[in-house]
Amino acid sequence: MNNCVLLEELLIKKSQQKRRTSPSNFKVRFFVLTKSKLAYYEHRHGKKKTLKGSVELSRIKCVEIVKSDIIIPCQYKYPFQIVHDSYILYVFAPNRESRQRWVLTLKEGSAWQCQALGQEAMGRNDALDVRKNFPVQ
Ligand code: 4IP
């Protein structure tokens, strides 16, 4: 049940820079959202996709659309951010509708997970704080 796919699409992600020496780069990844996690894969036509990373929905603190005045340095121009653990995953959708779908479904999914695990769901104030503290680059 938790493995059933809610959304899947090719999107672009920015490296999360988990280490001080991590590069800042952008990769096209195949994103798959289920009721329990968001996973992203390297996707090459005709080849088996390789898992590159995943985030448990219960670890997500905030999901928000990102507003930016600067030029977006990748092909997809509709960014949103997923704040989890102590990282921010910036993801770029190809159009406004796609971004809206991902943001809403991720918000719902993480709220379900938090409820299921008896945790406090992410609140509106978290989102506002995060946007203040992590302006878009
Ligand atoms: C990698 O750069 C990729 O962008 C990784 O993304 C990213 O991991 C790494 O960030 C970054 O160092 P190189 O391929 O040039 O090594 P992906 O996993 O999609 O390939 P994240 O964590 O963003 O998935 P760090 O911070 O994990 O090093």
Side-chain angles (χ1 to χ4, degrees):
M1 181 71 171
N2 270 359
N3 292 332
C4 96
V5 174
L6 302 175
L7 283 179
E8 54 181 21
E9 189 175 4
L10 276 180
L11 302 169
I12 296 178
K13 65 171 275 293
K14 182 177 184 288
S15 54
Q16 295 179 82
Q17 291 164 292
K18 290 179 174 163
R19 291 167 288 119
R20 207 182 281 261
T21 54
S22 295
S24 168
N25 56 29
F26 296 79
K27 307 265 172 162
V28 177
R29 296 287 176 244
F30 188 70
F31 279 78
V32 179
L33 176 63
T34 64
K35 277 196 161 182
S36 60
K37 66 182 175 193
L38 175 68
Y40 48 92
Y41 299 82
E42 185 172 19
H43 185 260
R44 279 180 277 154
H45 286 291
K47 299 213 168 156
K48 198 166 175 275
K49 48 187 183 6
T50 317
L51 180 66
K52 299 301 283 189
S54 72
V55 179
E56 295 293 325
L57 297 196
S58 60
R59 315 285 307 171
I60 292 178
K61 296 172 184 157
C62 165
V63 182
E64 280 302 317
I65 282 172
V66 166
K67 296 215 163 89
S68 170
D69 293 333
I70 62 129
I71 293 169
I72 299 209
C74 68
Q75 193 195 340
Y76 291 175
K77 305 297 180 191
Y78 296 86
F80 60 98
Q81 62 186 6
I82 299 160
V83 182
H84 67 98
D85 304 292
S86 29
Y87 306 113
I88 307 178
L89 175 58
Y90 285 103
V91 184
F92 299 78
N95 54 58
R96 202 168 264 123
E97 295 69 35
S98 159
R99 174 170 69 178
Q100 192 65 6
R101 211 166 32 242
W102 279 94
V103 168
L104 288 178
T105 317
L106 276 161
K107 276 178 186 283
E108 279 174 15
S110 44
W112 285 332
Q113 269 306 310
C114 289
Q115 261 176 15
L117 298 174
Q119 297 169 355
E120 202 178 312
M122 59 184 174
R124 190 153 186 272
N125 290 338
D126 290 344
L128 294 174
D129 284 352
V130 166
R131 277 173 68 164
K132 189 178 67 200
N133 293 332
F134 299 97
V136 188
Q137 314 165 21

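Keep in mind that what you see is a predicted model, and the values were worked out from it rather than measured.
Rounded to the nearest 0.5 Å, atoms CG (Leu106) and CG (Leu38) are 5.5 Å apart. Distance check, rounded to the nearest 0.5 Å: SG of Cys74 to CG of Asn25 gives 11.0 Å. With rounding to the nearest 0.5 angstrom, the CD atom of Gln81 is 10.5 Å from the CD1 atom of Ile65. Rounding to the nearest 0.5 Å gives a distance of 8.0 Å between CD of Glu56 and OG1 of Thr34. The OG1 atom of Thr105 sits 4.0 Å away from atom CG of Leu7, with the distance rounded to the nearest 0.5 Å. The CZ atom of Arg59 sits 10.5 Å away from the CG atom of Leu117 when rounded to the nearest 0.5 Å.
Using a 4.5 Å heavy-atom cutoff, the side chains of Leu57 and Leu33 are in contact. Inter-residue side-chain proximity for Ile71 and Pro73 is flagged as unmet; no heavy-atom pair is nearer than 4.5 Å.
The 12-atom threshold is not exceeded at NZ of Lys37, counting heavy atoms of other residues, nucleotides or ligands nearer than 6.0 Å.
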Please output the side-chain donor-acceptor pairs of residues 91-104 that fall under 3.5 Å, not counting sequence neighbours, one pair per line with the distance.
{"from": "Asn95", "atom 1": "OD1", "to": "Glu97", "atom 2": "N", "distance (Å)": "3.3"}
{"from": "Asn95", "atom 1": "OD1", "to": "Ser98", "atom 2": "N", "distance (Å)": "2.7"}
{"from": "Ser98", "atom 1": "OG", "to": "Glu9", "atom 2": "OE1", "distance (Å)": "3.0"}
{"from": "Ser98", "atom 1": "OG", "to": "Glu9", "atom 2": "OE2", "distance (Å)": "3.3"}
{"from": "Arg99", "atom 1": "NH1", "to": "Pro79", "atom 2": "O", "distance (Å)": "3.0"}
{"from": "Trp102", "atom 1": "NE1", "to": "Glu9", "atom 2": "OE1", "distance (Å)": "2.8"}

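By the 6.0 Å and 45° rule, Lys13 does not stack over the aromatic ring of Phe31.
Residues meeting the ring-ring contact (aromatic ring centres under 6.0 Å, His included) test with Tyr78, sequence neighbours left out: none. Every residue two or more places apart in sequence or in another chain that forms a side chain to side chain contact (heavy atoms under 4.5 Å, CB included) with Thr21 is listed here: Arg19. Every residue two or more places apart in sequence or in another chain that forms a side-chain hydrogen bond (donor to acceptor under 3.5 Å, both in side chains) with Gln16 is listed here: Tyr40, His84. Legend: residues meeting ring-ring contact (aromatic ring centres under 6.0 Å, His included) with Phe30, ordered by chain and number and at least two apart, are His43. Remark: Glu42 engages Arg29, Arg44, Thr50, Lys52 in a side chain to side chain contact (heavy atoms under 4.5 Å, CB included) (not counting sequence neighbours).
In this structure, the side chain of Lys14 does not engage the main chain of Ser24 through any donor-acceptor pair within 3.5 Å. Side chain of Ser58 to main chain of Gln113: no donor-acceptor pair is present (N/O by atom type, distance under 3.5 Å, no hydrogens or angles). Proximity of a side-chain donor or acceptor of Lys18 to a complementary backbone N or O of Tyr87 within less than 3.5 Å is not detected.
Considering every non-hydrogen atom in both Tyr76 and Leu11, the closest pair reads CE1-CA, 3.9 Å.
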